[in-house]
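Working notes for the structure below.
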Amino acid sequence: MGRQISILVIEDEEAIREGLIDVLVFHKYAVDSAATGPEGLEKALTGKFDLILLDIMLPGMDGYEICDRIRAEDRKQPIIMLTAKTSDDEIIHGLKLGADDYVPKPFSIQQLVLRIEAVLRRSEVGIEQARTINLGNVEIDTENLTGRNGSEEITFTRREIELLSYLAQHPDRPISREELLLKVWGYARNLDIETRTVDIHIAKLRRKIEADPKAPENLVTVRGAGYRLVTAGS
Ligand code: CA
């Protein structure tokens, strides 16, 4: 067996924290934990963890600030936010600060473990990301998660940028939904609900980067094969 993967749990509610530790240990992860913001940040910056589970509402310092400070120190391990907040704005805020995924509370253990496995697999795959993606009429800044469609400012989620980056990396061929699920989402299993996830993200992206989302010219469907991004010069 390989090296044990280590996870830091930053969560102030004792019942949830202890429950998470039990489940993670049962799944053979090495686990450390913190019950306050400052303690969590200290452990995150001094310890070696493969992944961090981060609650948002914490005493002393909230999860957003912890995430921001971890990324400011150039620590790149995946962070999954555990959040009772589920408005899009709050989730996007977390993702912009560098979280890799979020799990809404209350969560099922099964769902959480699948997300952990997926995020770890995705961080191994690594998506090569160009600083900008140029689609001719649309220019996308992948680091700042922003873009410009003529005079219109666009903002993206990190997942949307990863999806675009993966497609931009392979301008020569259509990419199947199964490949996108594996490479962008890290899902090894292909469930119906997850295939729809790809389609939903594609539809959202088209509303942002197409003049007419119903007749896409940048993010095109190749029938029976998948999706292709038409970059400037490809
Ligand atoms: Ca909390």
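In each ligand, atom 1 is the first atom listed, and ligand 1 is the first ligand listed. Every value quoted in this text rests on a predicted model; they were computed, and no experiment measured them.
With the Ca ion (ligand 1) at the apex, Asp12 OD1 and Asp55 OD2 define an angle of roughly 80° (rounded to 10 degrees).
In summary, no N, O or S atom of Glu11 is located under 3.0 Å from the Ca ion (ligand 1). When distances to the Ca ion (ligand 1) are checked against a cut-off of 3.0 Å, Glu13 contributes no N, O or S atom below that limit.
Using a 4.0 Å cut-off between charged side-chain N and carboxylate O, Lys183 and Glu162 make no salt bridge. The pair Lys105-Glu11 counts as a salt bridge, with a side-chain nitrogen and a carboxylate oxygen less than 4.0 angstrom apart.
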Run the numbers on Val198 and Tyr227 for side chain to side chain contact (heavy atoms under 4.5 Å, CB included), then give the verdict.
-> CA-CA 10 Å; Val198 175; Tyr227 297 106; 4.1 Å; yes

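Pairing each heavy atom of Asp50 with each of Gln77, the nearest pair is O-CB, 3.6 Å.
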